[in-house]
Visitor: 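One structure, as structure tokens, below. Some questions next.
Whatever order the structure lists them in is the order used to number ligands and atoms, beginning at 1.
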Amino acid sequence: MKISIIKIGGNVIDFPEKLDEFLALFAKFPGHKILVHGGGVMASRFGESLGVMPEMVDGRRITDQETLDVVTMVYAGLINKNIVAKLQALKVNAIGMTGADGNIIRSIKRPVKDIDYGFVGDIQEVNTKLIDHLLSGNLLPVVNAITHDAKGQLLNTNADSIASALATSLAKEHQVNLYFCFNKSGVLIDEKNENSIIPLINDDIYQELKKENVIHSGMIPKLDNAFEALQKGVNHVWIGKAENLHLAAKGKLSGTTIERNRYDLY
Ligand SMILES: Nc1ncnc2c1ncn2[C@@H]1O[C@H](COP(=O)(O)OP(=O)(O)O)[C@@H](O)[C@H]1O
Ligand SMILES: CC(=O)N[C@@H](CCC(=O)OP(=O)(O)O)C(=O)O
């Protein structure tokens, strides 16, 4: 099967018109597909209104019990169910899932080293059989950032890592393309200039731009996930603006394509 994994970022989800525009494009996207979403911006806002202040380290949320309750309500409840309802209205048979549903993603609580991230999960296993089954039955999984440890504990997992893990697991048997859609035109040389897109990025350029702080914060885990996915057999990885998803699908120039390192080809 040809499968597209499409991840939508929290900044797009936070604006109803942008989300609707994206979902209309997504509904028309050809072939088998899976939608992955986070919603970090909304979770921070809801948390703050409840007195649960956000704390991020290297693009990952420190997740204590109260924060886990908030992110579960926001990602697995509010955002996931709204997206599923909107896709149903577009005649797409979407099914919303956490990693616990159908044991689709099992993770383990991140071990404490220098930093205690709390209830943050590192992905261990993806139930690709169930995903195959859903896709073959023309159901469209909408997967959020909540995973589980198969011992009853829910865990918060970065949504870019979920998209990348789904892509790499499915790539063992299928041809998989991975699209990271967010609120900027791609990886930019100057974050404030939407025209400064880097059309192709390889690991050497990435390391250099990271050193110069041109690439920072949330873009670091996104690119780490992108390079890992390519290394593990994913066919194509793209980062760009949500409203340009249809151009990316047609192979038209837009956004940033992640380039396989030469040594990966041999
Ligand atoms: N060179 C860069 N080009 C584009 N965005 C960058 C760059 N460096 C850092 N960023 C930041 O990374 C953010 C995207 O990461 P994140 O917020 O985690 O994405 P998402 O919207 O998918 O959740 C952008 O909104 C931007 O602020
Ligand atoms: C552990 C961890 O950091 N989890 C993320 C999950 C949501 C996410 O990744 O949302 P975006 O795609 O909108 O950033 C968080 O709670 O922010």
Visitor: Is it true that Lys18 and Glu243 have a side-chain N and a carboxylate O under 4.0 angstrom from each other?
Guide: no

Visitor: What protein heavy atom is closest to atom 5 (C) of ligand 2, reported as residue, atom name and distance in Å?
Guide: Asn156 OD1, 3.7 Å

Visitor: Below 4.0 angstrom from a heavy atom of Gly10, which ligand 1 atoms are there? Numbered from 1 as shown, please.
Guide: 21 (O), 23 (O)

Visitor: Please identify which atoms of ligand 1 are closer than 4.0 Å to at least one heavy atom of Val214.
Guide: 1 (N), 2 (C), 7 (C), 8 (N)

Visitor: Atoms of ligand 2 less than 4.0 Å from Ala145 heavy atoms?
Guide: 6 (C), 7 (C)

Visitor: What's the shortest distance from atom 15 (C) of ligand 2 to any protein heavy atom, and which residue and atom give it?
Guide: Tyr75 OH, 3.1 Å

Visitor: Of the protein's non-hydrogen atoms, which lies at the shortest distance from atom 12 (O) of ligand 1, and what is that distance?
Guide: Met219 N, 3.4 Å

Visitor: Is Ala159 touching ligand 2 with its side chain, its backbone, both, or neither, if touching means heavy atoms under 4.0 Å apart?
Guide: both

Visitor: Kindly give the heavy-atom pair with the smallest separation between Ser164 and Asn225, and that separation in Å.
Guide: OG-O, 3.2 Å

Visitor: Knowing that exactly one of Asp58, Asp122, Asp116 qualifies, which makes a salt bridge (charged side-chain N to carboxylate O under 4.0 Å, His left out) with Arg110?
Guide: Asp122

Visitor: Taking only heavy atoms of Asn183 into account, list the atoms of ligand 1 that are under 4.0 Å away from them.
Guide: 25 (O)

Visitor: With no hydrogens and no angle check, is any side-chain donor or acceptor of Ser44 less than 3.5 Å from a backbone partner on Gly40?
Guide: yes

Visitor: What do you reckon, does Lys184 have a nitrogen or oxygen under 3.5 Å from a nitrogen or oxygen of ligand 1?
Guide: no

Visitor: Are any side-chain N or O atoms of Lys184 and backbone N or O atoms of Ile197, one a donor and one an acceptor, separated by less than 3.5 Å?
Guide: no

Visitor: Which one holds for Leu209 and ligand 1: side chain close, backbone close, both close, or neither close, with close meaning a heavy atom under 4.0 Å?
Guide: neither

Visitor: Please report which non-hydrogen protein atom sits nearest to atom 27 (O) of ligand 1, along with the residue it belongs to and the distance in Å to one decimal place.
Guide: Glu191 OE2, 2.9 Å

Visitor: Do me a favour and list the nearest non-hydrogen protein atom to atom 9 (C) of ligand 1 with residue, atom name and distance?
Guide: His216 O, 3.1 Å

Visitor: Would you say Gly40 has any N or O atom under 3.5 Å from an N or O of ligand 2, going by distance alone?
Guide: yes

Visitor: When you measure from the side chain of Trp238 to the backbone N and O of Gly186, does any donor-acceptor pair fall under 3.5 Å?
Guide: no

Visitor: Does Lys33 make a cation-pi contact with Phe26 (under 6.0 Å, within 45 degrees of the axis)?
Guide: yes

Visitor: Whether Asp14 and Arg45 form a salt bridge (side-chain N of Lys/Arg under 4.0 Å from carboxylate O of Asp/Glu) is what I want to check.
Guide: yes

Visitor: Considering only NZ, NE, NH1 and NH2 on the basic side and carboxylate oxygens on the acidic side, decide whether Lys109 and Asp149 come within less than 4.0 Å.
Guide: no

Visitor: Has ligand 2 got any nitrogen or oxygen that is less than 3.5 angstrom from a nitrogen or oxygen of Met56?
Guide: no

Visitor: Could you tell me whether a side-chain N or O of Ser136 sits under 3.5 Å from a main-chain N or O of Leu134, the two making a donor and an acceptor?
Guide: no

Visitor: For the backbone of Leu247 and the side chain of Asn244, can you confirm whether one donor and one acceptor N or O come within less than 3.5 Å of each other?
Guide: no

Visitor: How far is atom 17 (O) of ligand 2 from the closest protein heavy atom, and which atom is that?
Guide: Arg61 NH2, 3.0 Å

Visitor: Closer than 4.0 Å to some heavy atom of Gly186 - which atoms of ligand 1 meet that?
Guide: 3 (N), 4 (C)

Visitor: In the protein, what heavy atom is nearest to atom 12 (O) of ligand 2, and what distance, to one decimal place, separates them?
Guide: Lys7 NZ, 2.5 Å

Visitor: Looking only at protein heavy atoms, which one is nearest to atom 3 (N) of ligand 1, and how far off is it?
Guide: Leu188 N, 3.0 Å

Visitor: Hey, does Lys172 have a side-chain heavy atom less than 4.5 Å from the side chain of Thr128?
Guide: no

Visitor: Can you give me the closest heavy-atom contact between Gly233 and Ala171, atom names plus distance?
Guide: O-CB, 3.7 Å

Visitor: Please check whether Gly39 reaches ligand 2 - meaning an N/O of the residue sits under 3.5 Å from an N/O of the ligand, judged on distance alone.
Guide: yes

Visitor: Just need the protein heavy atom nearest to atom 16 (P) of ligand 1, so name the residue and atom and give the distance.
Guide: Gly218 CA, 4.0 Å

Visitor: At a non-hydrogen distance cut-off of under 4.0 Å, which region of Thr157 contacts ligand 2 (side chain, backbone, both, or neither)?
Guide: backbone

Visitor: Below a 4.0 angstrom heavy-atom separation, can you tell me which part of Tyr117, side chain or backbone, both or neither, approaches ligand 2?
Guide: neither

Visitor: Looking only at heavy atoms of Gly40, does any of them come nearer than 4.0 Å to an atom of ligand 1?
Guide: no

Visitor: Which atoms of ligand 1 have any heavy atom of Phe182 under 4.0 Å away?
Guide: 14 (C), 21 (O), 22 (O), 24 (C)

Visitor: Is a side-chain N or O of Thr256 found less than 3.5 angstrom from the main chain of Val187, in a donor-acceptor match?
Guide: yes

Visitor: I'd like to know whether ligand 1 has Cys181 as a neighbour, heavy-atom separation below 4.0 Å.
Guide: no

Visitor: When you measure from atom 17 (O) of ligand 1 to every protein heavy atom, which one gives the shortest distance, and what is it?
Guide: Asn11 ND2, 4.1 Å

Visitor: Starting from atom 19 (O) of ligand 1, locate the nearest protein heavy atom and write down its residue, its atom name and how far away it is, to 0.1 Å.
Guide: Lys222 NZ, 3.3 Å

Visitor: Looking at atom 11 (C) of ligand 1, what's its closest protein heavy atom, distance included?
Guide: Ser217 OG, 3.8 Å

Visitor: Does the side chain of Ile13 come within less than 4.5 Å of Met42's, by heavy atoms?
Guide: yes

Visitor: Where do Ala226 and Ile258 come nearest, in terms of heavy atoms and distance?
Guide: CB-CG1, 3.9 Å

